[in-house]
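So the structure is just underneath, and the comments pick up after that.
Counting convention: from 1, in listed order, for ligands and their atoms alike. Hydrogens, waters and symmetry mates play no part in the numbers below; they use all other heavy atoms, side chains included. On a predicted model such as this, the values are computed, not experimentally measured, just so you know.
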Amino acid sequence: MNHDNFILCMSDQESDDDRPQLSSDTMNALLEFYKEQDEREQKLQEIQGGCVPDNFDENWNLSQFWYADDTANLLAKECLRVAGDEGAIACISSPTLYKTLHSVEKKCKVHLFEYDTRFAVYKDDFTFYDYKSPLDIPRDFRETFDVIVADPPYLSDECLTKTAVTVKFVAKPNAKIIICTGAVMENLAHRLCGVKKSNFVIRHANQLSNPFVCFANYDIDATCKYS
Ligand SMILES: C[S@@+](CC[C@H](N)C(=O)[O-])C[C@H]1O[C@@H](n2cnc3c(N)ncnc32)[C@H](O)[C@@H]1O
């Protein structure tokens, strides 16, 4: 809709006492809403045009809660340490980690499996991924990655179980597995992926009420900690 026309139309209505009128607060809220919508659409067009934005807004409908910078940086450093120059890192439903890894000098490979197609801007490094179809990814990824970090979108048994199917499919034998999720998923995460709770607390850019933990199948505490 052309917002200017809409606003003109509302102004016309203001002169007609018989018609309902918007209060100035409602009108301001409406204008703010349209402004944000325009900004979102413009960003999307830029992304579709191949321009990588500095930031991707969180979409809570997709359960998107981005890592705080210090968490993303420490996790990225840990992945790079473990992968080494020849290794390969899979970021499953963890686009902020991918973005951080993408931004640093490195020799290893990094790949993002993600449902939000805005991240297709990372071209060959991106694979569309829906945890509900955990093996619906190219066969070439079988036993490819040395380090896998997964941050499933929901705190449900179904979501973690299906995500674990993908994790195991893409993991090389003896791969290092890191699962970032709610503390409540501890037992299932251990049963599915052999990971144990670490002391590394996952911090988010916007504080969450559920405690988030980092689970790993090796001793991550020795090398990954806040200063
Ligand atoms: C809790 S967030 C984890 C993001 C992570 N904290 C980060 O900063 O990169 C969950 C992620 O799952 C993705 N997601 C949402 N629906 C999904 C689906 N059906 N399958 C796979 N991933 C999904 C979201 O887009 C989001 O990136």
Of all the atoms in ligand 1, which lie at a distance below 4.0 Å from a heavy atom belonging to [X]?
X: Gln64; value: 24 (C), 25 (O), 26 (C)
X: Asp130; value: 18 (C), 19 (N), 20 (N)
X: Phe65; value: 2 (S), 4 (C), 5 (C), 6 (N), 8 (O)
X: Tyr129; value: 20 (N), 21 (C)
X: Pro95; value: 9 (O), 27 (O)
X: Ser63; value: 1 (C), 2 (S), 10 (C)

On the ring face of Tyr218, is Lys176 found with NZ or CZ under 6.0 Å from the centre and within 45° of the axis?
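Positive - Lys176 is close enough to the ring of Tyr218 and near enough to its axis.
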Parallel, tilted or perpendicular: ring planes of His111 versus Phe141, cut at 30 and 60 degrees
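His111 vs Phe141 ring planes: tilted.
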Report the part of Glu114 (side chain from C-beta onward, or backbone N, CA, C, O) that has a heavy atom under 4.0 Å from ligand 1; answer both or neither where that applies.
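Within the 4.0 Å criterion, Glu114 contacts ligand 1 through side-chain atoms alone.
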Using a 4.5 Å cut-off on heavy atoms from C-beta on, say whether the side chain of Val170 contacts that of Ile137.
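In contact.
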Protein contact to [atom] [nearest heavy atom, distance to 0.1 Å]:
atom: atom 9 (O) of ligand 1; value: Thr96 N, 2.8 Å
atom: atom 15 (C) of ligand 1; value: Leu62 O, 3.2 Å
atom: atom 22 (N) of ligand 1; value: Ser93 OG, 3.0 Å

Any Lys/Arg nitrogen of Asp130 or Lys132 sitting under 4.0 Å from an Asp/Glu carboxylate oxygen of the other?
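Looking at Lys132 together with Asp130, the answer is no, because their closest N to O distance does not fall below 4.0 Å.
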Ignoring hydrogens, what is the shortest heavy-atom contact between Ser94 and Glu114? Give both atom names and the distance.
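Taking Ser94 first and Glu114 second, the nearest heavy atoms are N-OE1, 4.2 Å.
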For the residue pair Leu75 and Ile178, what are the closest heavy atoms and their distance?
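Reported closest heavy-atom pair: CD2-CG2, 4.4 Å.
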Quick check: does Asp151 get an N/O under 3.5 Å from an N/O on ligand 1?
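Looking only at distances, the answer is yes, because the N/O contact criterion of under 3.5 Å is met.
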Nitrogen or oxygen atoms of Trp66 and ligand 1 under 3.5 Å apart:
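The answer is no, given that Trp66 and ligand 1 share no N or O pair closer than 3.5 Å.
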Counting heavy atoms only, which of Tyr67, Tyr115, Tyr131 comes nearest to atom 16 (N) of ligand 1?
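The residue whose heavy atom sits nearest atom 16 (N) of ligand 1 is Tyr115.
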Taking only residues two or more places apart in sequence or in another chain, which ones pass ring pair (Phe, Tyr, Trp, His ring centres under 6.0 Å) with Phe200?
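Counting only residues at least two positions away or on another chain, Phe200 forms a ring pair (Phe, Tyr, Trp, His ring centres under 6.0 Å) with Tyr226.
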State which residues pass ring pair (Phe, Tyr, Trp, His ring centres under 6.0 Å) with Tyr131; sequence neighbours excluded, sorted by chain then number.
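If we apply the ring pair (Phe, Tyr, Trp, His ring centres under 6.0 Å) test to Tyr131, skipping adjacent residues, there are no hits.
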Please tell me whether Gln64 and Trp66 have a donor and an acceptor in their side chains that are separated by less than 3.5 angstrom.
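Note: Gln64 and Trp66 side chains miss the donor-acceptor criterion.
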